[in-house]
Protein chains: 2
Amino acid sequence: MELSERKMIILQAIVRNYLETGEPVGSRTISKYTDLNLSSATIRNEMADLEEMGYIVQPHTSAGRIPTDAGYRVYVDTMMAEKDKEVEALKTNLLEKEERLDQLLKQTAKLLATNTNYASMVSAPSIHQNKLKLIQLSRVNDSQLLAVIVIEGNVIKNTLLDVSEQINEETVLKLNILLNTHLTGLSIEEINLKLISSLKTQAGIHSDIVGDVIDAVAKAIHDEDDLEIYTSGTNNIFKYPELTDSNAASELIGAFEEKQALSELVVKTLSESEETGIQVYIGNESPVSTMKDCSIVTATYDLGDGMKGTIGIIGPKRMDYEKVVDNLKDVMRQLDSIYKK
Amino acid sequence: MELSERKMIILQAIVRNYLETGEPVGSRTISKYTDLNLSSATIRNEMADLEEMGYIVQPHTSAGRIPTDAGYRVYVDTMMAEKDKEVEALKTNLLEKEERLDQLLKQTAKLLATNTNYASMVSAPSIHQNKLKLIQLSRVNDSQLLAVIVIEGNVIKNTLLDVSEQINEETVLKLNILLNTHLTGLSIEEINLKLISSLKTQAGIHSDIVGDVIDAVAKAIHDEDDLEIYTSGTNNIFKYPELTDSNAASELIGAFEEKQALSELVVKTLSESEETGIQVYIGNESPVSTMKDCSIVTATYDLGDGMKGTIGIIGPKRMDYEKVVDNLKDVMRQLDSIYKK
DNA sequence: TGTTAGCACTCGCAATATATGAGTGCTAAC
DNA sequence: GTTAGCACTCATATATTGCGAGTGCTAACA
């Protein structure tokens, strides 16, 4: 069966209405809701077809229809209105410039949650292909070195190194100069074996330390399990009864706390991200099994220099997709621009 | 009226029984539950007294009794059994040694939540009275300085400073020596105005930078709102129906996410902490208004050098106080010892 | 004087019955 | 192709009932 123009209008009306009310929507409602001037009986026939095609279902025999995942999907892909007017209102909530990235992202998560009334997540940018900006070794005591590693984008990592040999201030100074001269501006891929052995040779008796430091650098840049994720508005899920039966809610809250699942979501999103940057996972499409009853909308932001991260909204399937997409787009734009000042 | 020996036994039996079952407990149950060999009628008389004295209430006319906050309080203060046997079992969950403090504390929170089945919180140690170990300035570019501040206990803070004047490597070197020579080993209280102005004089034309750096140091050491708090097992609250009505649950989850309330709790706990280190807040005694229906048990740990922090368990008022206290004591001991290796 | 058996009473809760009404599918007529 | 009409379904709301756990009180007992 084909999805005729009229069927689409009806489906759209059903979804719209359901998003608003959260109640199954009946034929009479649609008859009045649309400009089609059709009686409820006619609508009923069409709805029977739409049900057969898998876009809507009845929760029980004598109830109206609600959209299936497929129904939402068609809606999101082809029927969603662009309501750019909203963007105007969002502008007021411009992210205040934070000097620290983590603060900025925390705030971003909060902003998204407050504006949308759903739960939000923001991943810190992954910095895989990033360049070293500065290495700074300091002598803490006879057997410990503090290595501060600054990466493009002013991401700062600290590592405390235990060193076997005794070191003095002069050595530290020399090592600092050596390392910074040769490593600054390089990405982790460019720090290859040849370079390392050359450095070790130049470091002479301190070659062990050079090795340790480079390990630390590699770890700092690569740190997978350190993928920070900020969440906010977790308790917003209580605003949607369909997510609040004790069991599902508990699992959801757990997922937000553990962040493991979210982390997978981020990885997946980043790898799949397309031009527009916006992705919508509806119900079972979700990569996260605990969120089968939710919809997830994500966007990828780009701070430049390959520093990409994910922002996302998690809410009920009957979320206001337009609003969420607009919000994400707006925040995405703000983040994109913030570092390209 | 006086709380006779017999009344205490009955009260204890009521609390015990209620902790186990979560159901209001009736006179007949107590009659069988205790060794008093009294009929239910006699127990009823005693219970009427206990109710009059404010230790128990009936949720409704034809129900058994449940403890009031005051009832719990008496129980916790004077009737709680020491079941040290449990500690043996806990030993298996020894905290693995983590090199990073934040990881260790995260793990601590998780351990507590898993072991007790309640929600847990762990605050990072406050470092108010701590001593500066090392300041390290590095030149990032013409107008930015990176200040790395290491505090006793190897807590490391970074700050990026925007400086108005142009600086070169030599200046940075001089400043580093100046600052470290004079500030290392001092606590924030010891860095007074006189010392600051003396340093500024010595810094000559770079006195502005000195001021900025000292501000940064003060901020790093004092950073109140940076009081990190790790939580775990938030979703455990779903295991206790009395906390799970949508409204209360939402507020609780919110409090755990925001952490503002928890932060106040920590501050209060630290200021009130006594010898034993264990504190119990029952219901309305809680300093946090969103937790009026919970009990909170906290302990203060001490990593030495004035680095004190709080660990805590939040659960329903009918929590297993013995188990919780034992768990906290055990973890407290483990934390206390871990840095005094 | 403290303890106990007995009894009427309360009230939450679960089970059952009843009514309501929104919504459907189908058929026959337009 | 569209529509009015009608019998039918079924979730939800409301009232009715019975049950039972538990109480307070009284009177008898040791």
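Quick caveat: nothing in here was measured; it's all calculated off a predicted structure. Numbers restart at 1 for each chain; the letters A, B, ... are given by sequence-line order, proteins then strands.
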A.B. asks: Can you check the B:Ile66 CD1 to D:dG22 C1' distance for me, whole Å?
C.D. replies: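 Checked: the CD1 to C1' distance equals 14 Å.
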A.B. asks: More than 12 non-hydrogen atoms from neighbouring residues, nucleotides or ligands closer than 6.0 Å to NZ on B:Lys110, yes or no?
C.D. replies: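 No.
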A.B. asks: Between atom CD1 in A:Ile43 and atom P in C:dA22, what is the gap in whole Å?
C.D. replies: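 Answer to the nearest Å: 19 Å.
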A.B. asks: For the residue pair A:Tyr72 and A:Tyr321, categorise the inter-ring angle as parallel (less than 30°), tilted (30 to 60°) or perpendicular (more than 60°).
C.D. replies: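 The rings of A:Tyr72 and A:Tyr321 sit tilted, inter-plane angle from 30° to 60°.
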A.B. asks: Counting neighbours of CG on A:Asn37 that are heavy atoms of other residues, nucleotides or ligands and sit closer than 6.0 Å, is the number greater than 12?
C.D. replies: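 Check fails, neighbour count at 12 or below.
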A.B. asks: Can you measure B:Ile56 atom CD1 to D:dG22 atom P for me and round it to whole angstrom units?
C.D. replies: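 After rounding, the reported distance stands at 14 Å.
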A.B. asks: First locate atom OG1 of A:Thr290, then atom CD of A:Glu251, and finally report the distance between them rounded to the nearest 0.5 Å.
C.D. replies: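 It is 6.5 Å, given to the nearest 0.5 Å.
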A.B. asks: A:Ser39 has a side chain; which of D:dT2, D:dT3, C:dT4 sits nearest to it?
C.D. replies: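 Looking only at side-chain atoms, A:Ser39 lies closest to D:dT3.
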A.B. asks: Quick check on C:dG2: is either OP1 or OP2 less than 4.0 Å from any side-chain nitrogen or oxygen of B:Arg6?
C.D. replies: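 It does not, given that no N or O in the side chain of B:Arg6 lies less than 4.0 Å from OP1 or OP2 of C:dG2.
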A.B. asks: Looking at B:Lys239, I'd like to know if its NZ atom is crowded, meaning that more than 12 non-hydrogen atoms belonging to other residues, nucleotides or ligands lie closer than 6.0 Å.
C.D. replies: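 Yes, enclosed.
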A.B. asks: In whole angstroms, how far is the P atom of C:dG25 from the CG atom of A:Leu50?
C.D. replies: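 Result: 12 Å.
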A.B. asks: Can you figure out which of C:dT4, C:dG25, D:dT23 approaches the side chain of B:Gln58 most closely?
C.D. replies: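 Given the options C:dT4, C:dG25, D:dT23, the side chain of B:Gln58 is closest to D:dT23.
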A.B. asks: Using Watson-Crick or G-U wobble geometry with both distances under 3.5 Å, which nucleotide pairs with C:dA29?
C.D. replies: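 Answer to the pairing question: D:dT2, which forms a Watson-Crick or G-U pair with C:dA29.
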A.B. asks: Quick one: do the A:Tyr18 and A:Arg65 side chains pair a donor with an acceptor below 3.5 Å?
C.D. replies: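 Per modelled atom types, A:Tyr18 and A:Arg65 side chains form no pair under 3.5 Å.
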A.B. asks: If I take atom CG in residue A:Asn45 and atom C1' in nucleotide C:dG23, what distance separates them, rounded to the nearest angstrom?
C.D. replies: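 Those two atoms, CG and C1', are 14 Å apart.
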A.B. asks: Tell me, for nucleotides 7-15 of chain C in 5' to 3' order, what letter each nucleotide earns: B for a base near a protein heavy atom under 4.0 Å, S for only sugar-phosphate near one, - for neither?
C.D. replies: ---BBS---
A.B. asks: To the nearest 0.5 Å, what is the distance between CZ on B:Phe238 and CG on A:Leu252?
C.D. replies: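 The distance works out to 9.0 Å.
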A.B. asks: Taking only side-chain nitrogens and oxygens of A:Arg65, does any of them come within less than 4.0 Å of OP1 or OP2 of C:dT24?
C.D. replies: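 It does, given that an N or O in the side chain of A:Arg65 lies less than 4.0 Å from OP1 or OP2 of C:dT24.
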A.B. asks: To the nearest 0.5 Å, what is the distance between CD (B:Glu322) and CE (B:Met79)?
C.D. replies: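 The distance works out to 12.0 Å.
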A.B. asks: Contact list please: residues 9-32 of chain A against DNA chain D, heavy atoms, distance less than 4.0 Å, in numerical order.
C.D. replies: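 None - not one residue of the stretch has a heavy atom sitting under 4.0 Å from the strand.
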A.B. asks: Counting Watson-Crick and G-U wobble pairs only, both distances under 3.5 Å, name the nucleotide matched with C:dA22, or none.
C.D. replies: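 Paired with D:dT9.
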A.B. asks: One pair to check against side chain to side chain contact (heavy atoms under 4.5 Å, CB included): A:Met319 and A:Val297. What are the steps and the verdict?
C.D. replies: CA-CA 10 Å; A:Met319 66 164 65; A:Val297 185; 3.8 Å; yes
